[in-house]
Amino acid sequence: MENSEMKIELYQYFVKLCNNIVNGKYLLSGDRISQLLQFIASSKEMTDYVAFCNKGVNYKTELAQAMADDKIFKLPISNKKIVALVTGLLFDFDRGNIHINTFMNEYFSADDHNEAFTAMCYAVIVPYYKAFKDMLLEETPFEEKVEDKEKVKMLDEVVKEQLMPYVTSLAKIVAEDLKLDEVKKQEYLQIIEGMEYVINNNDVKLIKAMFIGLKNVLNTYKPSFSNLKAMVLIFKNYSLI
């Protein structure tokens, strides 16, 4: 078997294990994270690759930077750093150094654990396996089998048309709020822009996860409440939450 074919097979199985985490329930997450880490540890190619990503990257520093903003867990831009950071984070979950429940409550709080877990997966695990692909496969042609695109639940255009005015209104309110300090303003605008982006991409599951993050970030910003309530009503009317 050629090296490129081996890499593709390794990545396909890696994605399968990641999707077992993403598509599973919070209560099963511990075992599934352990399975993913055991696979990485059992493959010389995978461990060599993770070691390459760790080279020159300080995990504790990257983790501190990702946790620097209250209630927002921010991954680094570099794919290499994402792989190093998230692999280390998963090992910390597995070893009990960081309790996944505490982590979710801090950065992805929601009405129930499964909602919070889904939000965390789309913010951490999905970027992780995408970064893994970009680094591991490099220029290797590969038709990613992360998910069957035909089976992804897409947002109806009618729902999109109803949501977007409230997102636009939120951005306008924040941008024009003279009482809001610049750091908070940029934080709010960033998450609102993220909400606009995922709505335009139409993936319902990702939109729901991002909306949880949006509500958490804006939970003390009273000028946003009426727009957020209207968006919740739209989600409920179309049985999206």
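Side chains included, hydrogens not; waters and symmetry mates left out as well; all remaining heavy atoms used.
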(request) Taking all heavy atoms of K185 and all of L180, pick out the closest pair and write down the distance. (result) CA-CD2, 3.7 Å
(message) Has K80 got a side-chain atom pairing as donor or acceptor with C53's backbone, closer than 3.5 angstrom?
(response) yes
(message) Could you measure the distance from the CD1 atom of I199 to the CD1 atom of I207? Nearest 0.5 Å is fine.
(response) 6.0 Å
(request) To the nearest 0.5 angstrom, please state how far the CG atom of L163 sits from the CZ atom of F211. (result) 8.0 Å
(message) Give me the atom names and distance for the closest heavy-atom approach of A116 to A110.
(response) N-CB, 3.7 Å
(request) Indicate the atoms forming the closest heavy-atom contact of L85 with A66, along with that distance. (result) CD2-CB, 4.0 Å
(request) With sequence neighbours excluded, give me every side-chain hydrogen bond (donor to acceptor under 3.5 Å, both in side chains) pair touching residues 100-110. (result) N101-H113, S109-N216
(message) Let me check something: do F91 and V57 share a hydrophobic cluster, defined by ILVMFWY side-chain heavy atoms less than 4.5 Å apart, either directly or through other members?
(response) no
(request) Establish, for the pair K16 and F39, whether the NZ or CZ atom is under 6.0 angstrom from the six-membered ring centre and no further than 45 degrees off its axis. (result) no
(request) Kindly indicate whether the side chain of E45, heavy atoms from C-beta on, has any atom under 4.5 Å from the side chain of D48. (result) no
(request) Quick one: closest heavy-atom pair of L10 and M46, and the distance? (result) CB-SD, 4.2 Å
(message) Quick check: closest heavy atoms across V217 and E187, and the distance to 0.1 Å?
(response) CG1-OE2, 3.7 Å
(message) Assess the residue pair F73 and F103 against the criterion (ring-ring contact (aromatic ring centres under 6.0 Å, His included)); give the C-alpha distance rounded to whole Å, side-chain angles, the decisive distance to 0.1 Å, and a yes or no.
(response) CA-CA 9 Å; F73 186 79; F103 180 79; 5.0 Å; yes
(request) Kindly work out whether a path of hydrophobic side-chain contacts (I/L/V/M/F/W/Y, heavy atoms less than 4.5 Å apart) joins I212 to L170. (result) no
(message) Can you confirm whether L75 sits close enough to Y128 that some side-chain heavy atom of one is under 4.5 Å from a side-chain heavy atom of the other?
(response) no
(message) Quiz question: by atom type and distance under 3.5 Å, do the side chains of Q190 and K74 form a donor-acceptor pair?
(response) yes
(message) To the closest 0.5 Å, what do you measure between CD1 (I125) and NZ (K130)?
(response) 13.0 Å
(request) Take F132 and F14 through the test ring-ring contact (aromatic ring centres under 6.0 Å, His included) and record every step on the way to the result. (result) CA-CA 9 Å; F132 225 104; F14 171 79; 4.1 Å; yes
(message) Looking at N19 and V22, would you say the former's side chain and the latter's main chain have a donor-acceptor pair under 3.5 Å?
(response) no
(message) Quick check against the 3.5 Å criterion: does N200 have a side-chain atom that pairs as donor or acceptor with the backbone of E196?
(response) yes
(request) Consider only side-chain heavy atoms of I, L, V, M, F, W and Y, link residues closer than 4.5 Å, and tell whether L28 and V124 are in one cluster. (result) no
(request) Show the numbers, then the answer: is there a side-chain contact (heavy atoms from CB on, under 4.5 Å) between K25 and F117? (result) CA-CA 8 Å; K25 300 293 185 182; F117 181 69; over 6 Å; no
(message) With a sphere of 6.0 Å drawn around OH of Y13, does it hold more than 12 non-hydrogen atoms of other residues, nucleotides or ligands?
(response) no
(message) Could you see if F225 belongs to whatever hydrophobic cluster contains I192? Use Ile, Leu, Val, Met, Phe, Trp, Tyr and a side-chain cutoff under 4.5 Å.
(response) no
(message) Quick check on the hydrophobic clustering: are L189 and V167 connected, directly or via other members, by side-chain heavy-atom contacts under 4.5 Å?
(response) yes
(message) Main chain of Y221, side chain of S224: is a donor-acceptor contact present, judged purely on distance under 3.5 Å?
(response) yes
(request) Could you tell me whether a side-chain N or O of S169 sits under 3.5 Å from a main-chain N or O of Y166, the two making a donor and an acceptor? (result) no
(message) Looking at every non-hydrogen atom in both residues, tell me the closest pair between A123 and F108 and how far apart they are.
(response) CB-CE2, 3.5 Å
(message) Testing I33, L90, L89 one by one against I100 for a side chain to side chain contact (heavy atoms under 4.5 Å, CB included), which residue passes?
(response) I33
(request) Taking the side chain as every heavy atom from C-beta outward, state whether P76 and Q65 have any pair of such atoms under 4.5 Å apart. (result) no
(request) For L63 and I98, run side-chain contact (heavy atoms from CB on, under 4.5 Å): C-alpha distance rounded to whole Å, both residues' side-chain angles, the deciding distance at 0.1 Å, then the answer. (result) CA-CA 11 Å; L63 183 64; I98 297 175; 3.9 Å; yes
(request) Please tell me if the side chains of I21 and L17 come closer than 4.5 Å, counting only heavy atoms from C-beta onward. (result) no
(request) Could you grab the distance from atom CD1 of I234 to atom NZ of K236, nearest 0.5 Å is fine? (result) 12.5 Å
(message) Donor-acceptor pair, distance only, cut-off 3.5 Å: does the side chain of D177 make one with the backbone of I173?
(response) no
(request) Could I get the full list of side-chain contact (heavy atoms from CB on, under 4.5 Å) partners for N219, not counting sequence neighbours? (result) K71
(message) Return the CZ to CG distance between F93 and L37, rounded to the nearest 0.5 Å.
(response) 11.0 Å
(request) Could you grab the distance from atom OH of Y49 to atom OH of Y11, nearest 0.5 Å is fine? (result) 9.0 Å
(request) May I have the step-by-step check of side-chain contact (heavy atoms from CB on, under 4.5 Å) for V126 and C121, ending in yes or no? (result) CA-CA 6 Å; V126 172; C121 285; 5.6 Å; no
(request) Determine the sole option in N54, D92, T87 for which the side-chain hydrogen bond (donor to acceptor under 3.5 Å, both in side chains) test with Y59 is passed. (result) D92
